[in-house]
Each structure stands twice: as structure tokens, then as C-alpha cells.
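So the structure is just underneath, and the comments pick up after that.
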Amino acid sequence: MRLYTLIARLLLPFALIRLWWRSRHDTDYAPRWAERLGYGEPIAGAPIWVHAVSVGETRAAAPLIRALLDEHPDAPLLITTTTLTGATQVALLFGDSVIHRFAPFDLPRPVARFLDRTRPRVAVILETEIWPQLFAALERRRIPLFLANVRLSERSCRRYRRIPRLIQKTLAVPAVIAAQSAADAARLRTLGAPAAHIHVTGNMKFELSPTAGLREAAQALKLAWGERPVWVAASTHQGEDDIILGAHKVLKEGFPRLLLVLVPRHPERFESVGRLARAKGMAVVTRRAGPPVTDETEVLLGDTMGELMLFFAAADCAFIGGSLVDAGGHNPLEALALGVPVVFGPHMFNFDEIARLTLEAGAGMRVVDEDGLIAAVRTYLGDARVRQAASTAGESLVRAHQGALQRTYARLAPFLTRPARLLADP
């Protein structure tokens, strides 16, 4: 732990410079960067604390957070994220019904400040967030720690094996580790997590249901676009946009009215991706600026937050980004839940189990390059029977794997009552 802490302290000045730089360029972040050092207004009432790193984890946690709001309306609910996009997602999904903070750096003083100001009754941490200092501080303060929806890829497992003593001690702290799959549970056991604390509860990312009015809004959008074929490239990373735009140009030879909805993963890339599309001679409109999509529009740049489900619902098929480059891919389940066939590249190690299930169900295709992407999208656009079969398979896959929310909540419920030692808290 001492070596880990020393390295973290040595890296802190660089992290602070990055925070300062971001605060200069982002007015939303500027007044709040000190939260990463544990500062913030005190929160009374022993809140239930849920930590979700960024957008994907926040969406995955959404069903659980809604259940907590319904079942414990009198308990403050604190949501922390690490990224600004995660904070934006929290605001979009929950507004003022929750308290949002940025999570502290994993150093003794920031963690202590954060816990002094929040004093949670339980800490619920989503997916693979293993922070030695935070876990140790929670143990010292006898605050129960619940790891929810835990996934651990083989790649991550190999990295953690390099620090066996530290990781074993850290994984001994959580009262419950709710793993997504038996494979995740097995990897956790090899790292030294107590077998008695590990439970396979399933993947809460399957707990999806379209919001009221989503399909109607999507149909209105399709009408506004002129009832044309549409494909979505979702959560793209640097290095993928050029491939996608090249594929779109070829696809338009067979589908002249084809519209591409291109949604970069990171907001800071919106402008550069738009410039790239225009440099290739494509007619581009941006969602944020609001010019209508016309018959001449070739690319709609999805430069807004919180509308990806709407774009999926209006699409004939979708490419899942972060998979043609070595970024680990993103979650295809939102598209599948809406009956939208998916295409993804070879790098889906962050969602390897979901990718495997998708392929086995016939709800999507895996490709390795631009030619494969063109062929897959062309198949879905050009063959209604193949598209409908994949659509039905995707919806069935999502329904068949639901239930993780109930199993997770059942394990969490005993920790939600305010402990007697906190009843006198101010």
C-alpha cells in the first residue's frame, strides 16, 4: 500500500495540472474540480452512495438508482462519477432527485475529506472500480462496501496479478461482490477475493426498457428525415471515424438516400469529426445547431448528450464504436433492446460476454475492417428478412437475461437501513 500511495502522490501534480487545464476550457467543470480533492458541501442524513465512473456505468446503474429512489425516498442518494460526461448523464437521467459529486482521487487526504463530508451508510461501486485507499478507509470507518455489476476481463485480471498482495487485501474489504457472470466470479477468486463474498447476479445492463414515448419520438424523427435508410455509428473513437465515413461513401452507391448518424464518444471530438466529414466532401448537419436534415444531408453529427437511444430507435442498424480500434468496445444492448441489429469490430474485450451472446443469438455481426463493415451494413440494409430476424433475436436476448436488478437489490437491501451508530449524526 505504501508504494501504491507513493506513486499516486507523485502522479497527483500531473492530475492537478490536467484538472486546471480542463477547468479553463469547460465552464461546467471549473467551479467543481476541487471535489476531486474531497472538498464539497457536507451531506446530512447518511446518504446511500452509488459510484459510477462515466456514461456507461451510469446507464447501467440507472435501474438500481431508480429502485433506490422508489424504495428509500427519505434517504439522500449521492451519485459520484469520475468524468464530466458521467456527471452530465446523471443530470439528464435524475435531475435534482439525487446529489452529484465528482469522486475523490484515491489518496488518503482526499478520501478522508470526502467521507467526512458525506458519511454514507453504504458505498455501492459499479463494475471494475478497485481503489485500495478508498476501500481501506471504508473498512476503518465500518462503512459497508458493495461492489455491483462487477465485470473483470482477462486482460484486467492479468494486470491485477502484477500486484497480488495489494489486490488480495483490497478485495477482502467488500461485504458483497455481485459479479456479472461465472467467468467474472472465477477471475475474482483467482485474485484472492473471498469466495463467500462473491455472488453471480447477472448483468444489470440487460435491465433495459424503452422510455415512454421513445418509439413515437423516433418515428417522428424518421418522418422528418424523409423515411430514408439510416445507420448509426455510436460512441466512435479516434481512428474509427475515417473508416466509417469511407464505408458510408461506398454504401451510398447502393443506397443513394442513406443517412449516417455519427455519434463520437467524447464531446471534445465533436468539432473535429464534423470537420473530417466535411473534408471528405459530405453534406453534414449537426444535431445541436438544429438545421433540418434534408434530402441532400449525408451525415447527421450527433453532438448532443442523452439522445443515443432516440437515434438507435430511428435506425435500421448500428455500428458499436470503440471496437475497430483497441478501446474495448461499448455496450450494444441499448440498440438490441430496441430491435436494432448491431455490427462491431474485433476489440470488444470490455463486453466480451455480451458480444459472444449477441453473435450466438444472431443479433449482430463481428467485422475486422472497413470492407467487413460495408458488407455487414449492406446486408442489414438490403435484406429485410435478415434485418428482421436479427431484430427479433436482439430483443429476445435482452429479455432472456433480465433479472439482475432484482438479484442485486436483494443482496444490497440488508445494507440500506441507516446504522444505529449514525442515528445521532448531525
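In what follows, residues are counted from 1 in the order of the sequence shown.
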**Request:** Mind running side-chain contact (heavy atoms from CB on, under 4.5 Å) on Leu338 and Arg215 for me, showing each step along the way?
**Result:** CA-CA 9 Å; Leu338 291 164; Arg215 294 189 188 275; 4.0 Å; yes
Closest heavy-atom pair and its distance - [X], [Y]:
{"X": "Leu93", "Y": "Ala62", "answer": "CD1-CB, 4.2 Å"}
{"X": "Arg387", "Y": "Asp316", "answer": "CD-O, 3.5 Å"}
{"X": "Leu359", "Y": "Gly364", "answer": "CD2-O, 3.6 Å"}

**Prompt:** Is any side-chain heavy atom of Thr286 closer than 4.5 Å to a side-chain heavy atom of Phe270?
**Reply:**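 Of all side-chain heavy-atom pairs linking Phe270 with Thr286, none is under 4.5 Å.
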Given 3.5 Å as the limit, does a donor-acceptor pair link the side chain of [X] with the main chain of [Y], or not?
{"X": "Ser54", "Y": "Gly56", "result": "no"}
{"X": "Asn149", "Y": "Leu126", "result": "no"}
{"X": "Glu240", "Y": "Ser323", "result": "yes"}
{"X": "Asn203", "Y": "Gln180", "result": "no"}
{"X": "Ser156", "Y": "Leu152", "result": "no"}
{"X": "Gln402", "Y": "Leu208", "result": "yes"}
{"X": "Lys222", "Y": "Ala314", "result": "yes"}
{"X": "Asp303", "Y": "Arg287", "result": "yes"}
{"X": "Glu207", "Y": "Gly403", "result": "yes"}

**Prompt:** By side chain to side chain donor-acceptor pair (under 3.5 Å), which residues pair with Arg161, not counting sequence neighbours?
**Reply:**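 Testing Arg161 for side chain to side chain donor-acceptor pair (under 3.5 Å), a comparison that skips the adjacent residues, returns Glu154.
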**Message:** Can you list everything that forms a side chain to side chain donor-acceptor pair (under 3.5 Å) with Asp371? Sequence neighbours excluded, please.
**Reply:**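 Partners of Asp371 by the side chain to side chain donor-acceptor pair (under 3.5 Å) criterion come out as none, since no residue qualifies.
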**Message:** Quick test of your reading: applying salt bridge (Lys or Arg N to Asp or Glu O under 4.0 Å), list the pairs with at least one residue in residues 92-101, sequence neighbours left out, ordered by first then second residue.
**Reply:**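 Qualifying pairs, neighbours excluded: none.
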**Message:** The criterion is side-chain contact (heavy atoms from CB on, under 4.5 Å); which residues satisfy it with His199, sequence neighbours excluded?
**Reply:**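 By the side-chain contact (heavy atoms from CB on, under 4.5 Å) rule, His199 matches Val176, Thr201, Arg411.
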**Prompt:** Is there a donor in the side chain of Thr392 and an acceptor in the side chain of Gln388, or the other way round, less than 3.5 Å apart?
**Reply:**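 There is such a pair (donor and acceptor under 3.5 Å, judged by atom type) between the side chains of Thr392 and Gln388.
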**Asked** Taking atom types as modelled, is there a side-chain donor on His100 or Arg32 under 3.5 Å from an acceptor on the other?
**Response**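 Yes, Arg32 and His100 have a side-chain donor paired with an acceptor closer than 3.5 Å.
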Using 4.0 Å as the upper bound for N to carboxylate O, is an ion pair formed by [Y] and [X]?
{"X": "Arg59", "Y": "Glu334", "result": "yes"}
{"X": "Asp241", "Y": "Arg265", "result": "no"}
{"X": "Arg155", "Y": "Asp326", "result": "yes"}
{"X": "Arg187", "Y": "Asp184", "result": "yes"}

**Message:** Is the positively charged end of Arg151 above the ring of Phe351, judged by distance under 6.0 angstrom from the centroid and angle within 45° of the axis?
**Reply:**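 Judged by the rule (NZ or CZ under 6.0 Å from the ring centre, within 45° of its axis), Arg151 counts as positioned above Phe351.
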**cation_pi(Arg36, Phe105) dist<6.0 Å, angle<=45** =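 Judged by the rule, Arg36 and Phe105 form a cation-pi pair.
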**Item:** From OG1 (Thr58) to CG (Leu92), nearest 0.5 Å
**Value:**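 It is 10.5 Å, given to the nearest 0.5 Å.
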Donor-acceptor pairs are to be reported for all side-chain atoms of residues 43-52 against protein atoms at under 3.5 Å, with residues two or more places apart or in another chain.
residue: Trp49; atom: NE1; partner: Thr80; partner atom: OG1; Å: 2.8
residue: His51; atom: ND1; partner: Thr80; partner atom: O; Å: 3.3
residue: His51; atom: ND1; partner: Thr80; partner atom: OG1; Å: 2.7

**Request:** Take atom CH2 of Trp131 as the centre, draw a 6.0 Å sphere, and report whether it contains more than 12 heavy atoms from other residues, nucleotides or ligands.
**Result:**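 Atom CH2 in Trp131 is not packed in, count stays at 12 or less.
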**Prompt:** Which residues pass the ring-ring contact (aromatic ring centres under 6.0 Å, His included) test with His237, sequence neighbours left out?
**Reply:**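 For His237 the ring-ring contact (aromatic ring centres under 6.0 Å, His included) partners, ignoring immediate neighbours, are His266, His330.
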